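Values below: all heavy atoms of this structure, side chains included; hydrogens, waters and symmetry mates excluded. Because the structure is predicted, anything quoted here is derived from the model rather than measured.
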Amino acid sequence: MIEKENRRLRVGVLGCGPIAQFAHLESCVKARNADLYAICDAAPDLLARMGATYEPQKMFGDYDAMLADPELEAVIVATSDAFHVQMSVKALEAGKHVLCEKPIGVSVEEGQQLADAVKGSGKILQVGHMKRFDPALQAARDFVRDDIGHILALKAWYCDSTHRYTNTDAVQPLPITSKLARKPGGNPKADLRQYFMLAHGSHLVDTARFLCGDIVAVRARLLERAGAYCWFVETEFANGALGHLDLTVAVRMDWHEGFQLYGEYGSVLAKTFNPWYFRSSEVEIFHEKDATTRKPLGADGHFFRRQLEGLADTALKGAPMRGANVEDGVASIRAMVAIARSVETGERVELATVTGAV
């Protein structure tokens, strides 16, 4: 049982759909330093069901009304991607901190609009790249930052599985849906290249940046075959390291995610599991100085709760931000746009030059 702190961040969750049900509502209830103060959804039936289940102090059918509540301190934006920027900007303008689901937007211009809003607000915006709160990956990052010396290369892969929903349906609660749910115009899955890159590629790109720093250029290839999409991305990091990113949706095998990282004074091998297992990665950290391998257990694998606690620590105590900030979110969009442009042209693309949408 997690011991609750006396001062806890009062959080409102915008959107009561599947991602809120699977991740964010429970995180607010379980967090040591945050409370589920309010929920908001345009669908009254869904709002009532989630209110009865999670018992927030207040429920709203109107987002502006929730933001006008002076007791509310932070908002989790758990809506469709198309609404992320608009709803996050509204929250910032209302003086609230924000935890925005990833990706923060679908275009470079959207991301920059949100970054400008953050700067003008004086508030915190954290992007929902929850893998940064995988304790085993955090241990790997600490080793890379403090002990590995110069990074030589990173090989990272994120391969969704054809058996993914069979696996997740067995462990996730049955999502409550509503015919009155507010949805973006058009079908987000109409362009599968864009949809898979935003949904899955954003995780792969952010993990690479979390470990190795800024990406400055990419050269990418895409093969569509047998109903699968496979991106191979040659990556250049600002620190001179080389990278190879493999995004494949979907492999005919189990979920396959992880990386190999080679450095001056050691190496890291990692296997990451489907996030809905709430299981930390299996990480082997090899130290060249004494030829030993360390394997952190990472017993607390509730990444979604841990990322909320990180935001609350920063908001309430001024602790350094451990999650992805808005600049990380913009950099992730730039990387995905650069990958898309490189696929189209066959050329090397520098991230600083790209514009437009993924």
What one should report as the nearest heavy-atom pair of I333 and G111 is CD1-CA, 4.0 Å

Can the ring centroids of H256 and Y158 be said to lie less than 6.0 angstrom from one another? no

Counting only heavy atoms from other residues, nucleotides and ligands, does the tally under 6.0 Å from CG of D290 exceed 12? yes

Are a donor atom and an acceptor atom from the side chains of Q138 and R306 found within less than 3.5 Å of each other? yes

Is it the case that atom CZ in R7 sees more than 12 heavy atoms from other parts of the structure closer than 6.0 Å? yes

Could you state the interatomic distance from SG (C159) to CZ (R164), rounded to the nearest 0.5 Å? 13.0 Å

Can you list the residues that meet the salt bridge (charged side-chain N to carboxylate O under 4.0 Å, His left out) rule with R49, with sequence neighbours excluded? none

Centroid separation W276 to F22 less than 6.0 Å: yes

Roughly how far, to the nearest 0.5 Å, is CZ of F60 from CG of D41? 13.5 Å

Using every non-hydrogen atom in the two residues, find where A74 and L9 come nearest and quote the distance to one decimal. CB-CD2, 3.6 Å

Please tell me whether V233 and L198 are part of a single hydrophobic cluster in this structure, the criterion being side-chain heavy atoms less than 4.5 Å apart. yes

Classify the ring geometry between Y229 and W231 as parallel (under 30°), tilted (30 to 60°) or perpendicular (over 60°). parallel

With a 4.5 Å cut-off on side-chain heavy atoms, are M50 and Q21 touching? yes

Would you compute the distance between atom CG of L99 and atom CG of L311 and round it to the nearest 0.5 angstrom? 6.0 Å

Nearest 0.5 Å, please: how far is CG in L211 from CZ in R132? 9.0 Å

Do K96 and E73 make a side-chain contact, defined as non-hydrogen atoms from C-beta onward lying under 4.5 Å apart? no

So, do T162 and V251 sit near enough that their side-chain heavy atoms are less than 4.5 Å apart? no

Do the side chains of M336 and L114 join up, straight or via other hydrophobic residues, at under 4.5 Å, putting them in one cluster? yes

If Ile, Leu, Val, Met, Phe, Trp and Tyr residues are connected whenever their side-chain heavy atoms lie under 4.5 Å apart, and connections chain through other members, are V98 and F83 in the same group? yes

Between S267 and L261, is any pair of side-chain heavy atoms under 4.5 Å apart? no

Return the set of residues passing salt bridge (charged side-chain N to carboxylate O under 4.0 Å, His left out) with R294 (not counting sequence neighbours), or none when no residue passes. none

Please step through ring pair (Phe, Tyr, Trp, His ring centres under 6.0 Å) for the pair Y265 and H287, ending with a clear verdict. CA-CA 6 Å; Y265 301 120; H287 295 255; over 10 Å; no

Answer yes or no: is there a side-chain heavy-atom contact under 4.5 Å between L72 and R10? no

Cation over ring face, R279 and F273, 6.0 Å, 45°: yes

Decide whether Q126 and H97 meet the rule of one side-chain donor and one side-chain acceptor closer than 3.5 Å. no

Applying the 4.5 Å side-chain criterion to the ILVMFWY set and letting contacts propagate, would V283 and W157 be lumped into a single cluster? no

Taking atom CD of E101 and atom OG1 of T79, what is their separation to the nearest 0.5 Å? 9.0 Å

So, do V29 and E55 sit near enough that their side-chain heavy atoms are less than 4.5 Å apart? no

Is there a path from L269 to F143 through hydrophobic residues (I, L, V, M, F, W, Y) whose side chains come within less than 4.5 Å of each other? no

Neighbour count >12 (heavy atoms, 6.0 Å) for atom NZ, K271: no

Go through the structure and list residues passing salt bridge (charged side-chain N to carboxylate O under 4.0 Å, His left out) with E350, not counting sequence neighbours. R348

Counting distance only, does the side-chain N/O of R334 pair as donor-acceptor with the main-chain N or O of L351 below 3.5 Å? yes

Is there side-chain contact between K317 and E5, with heavy atoms separated by less than 4.5 Å? yes

Is a side-chain donor-acceptor pair under 3.5 Å present for S281 with D134? yes

Starting at CG of L67, measure out to CE of M87 and round the result to the nearest 0.5 Å. 9.5 Å

Does one side chain, of S178 or D45, offer a donor that lies under 3.5 Å from an acceptor on the other? yes

Are D313 and N33 close enough that a side-chain donor and a side-chain acceptor fall under 3.5 Å? yes

If you define the side chain from C-beta out and look only at heavy atoms, does anything of T248 sit under 4.5 Å from D246? yes

Has S332 got a side-chain atom pairing as donor or acceptor with D328's backbone, closer than 3.5 angstrom? no

Just wondering, more than 12 heavy atoms not from Y195 lying within 6.0 Å of its OH? no

Are F133 and F303 an aromatic pair, judged by ring center distance below 6.0 Å? no

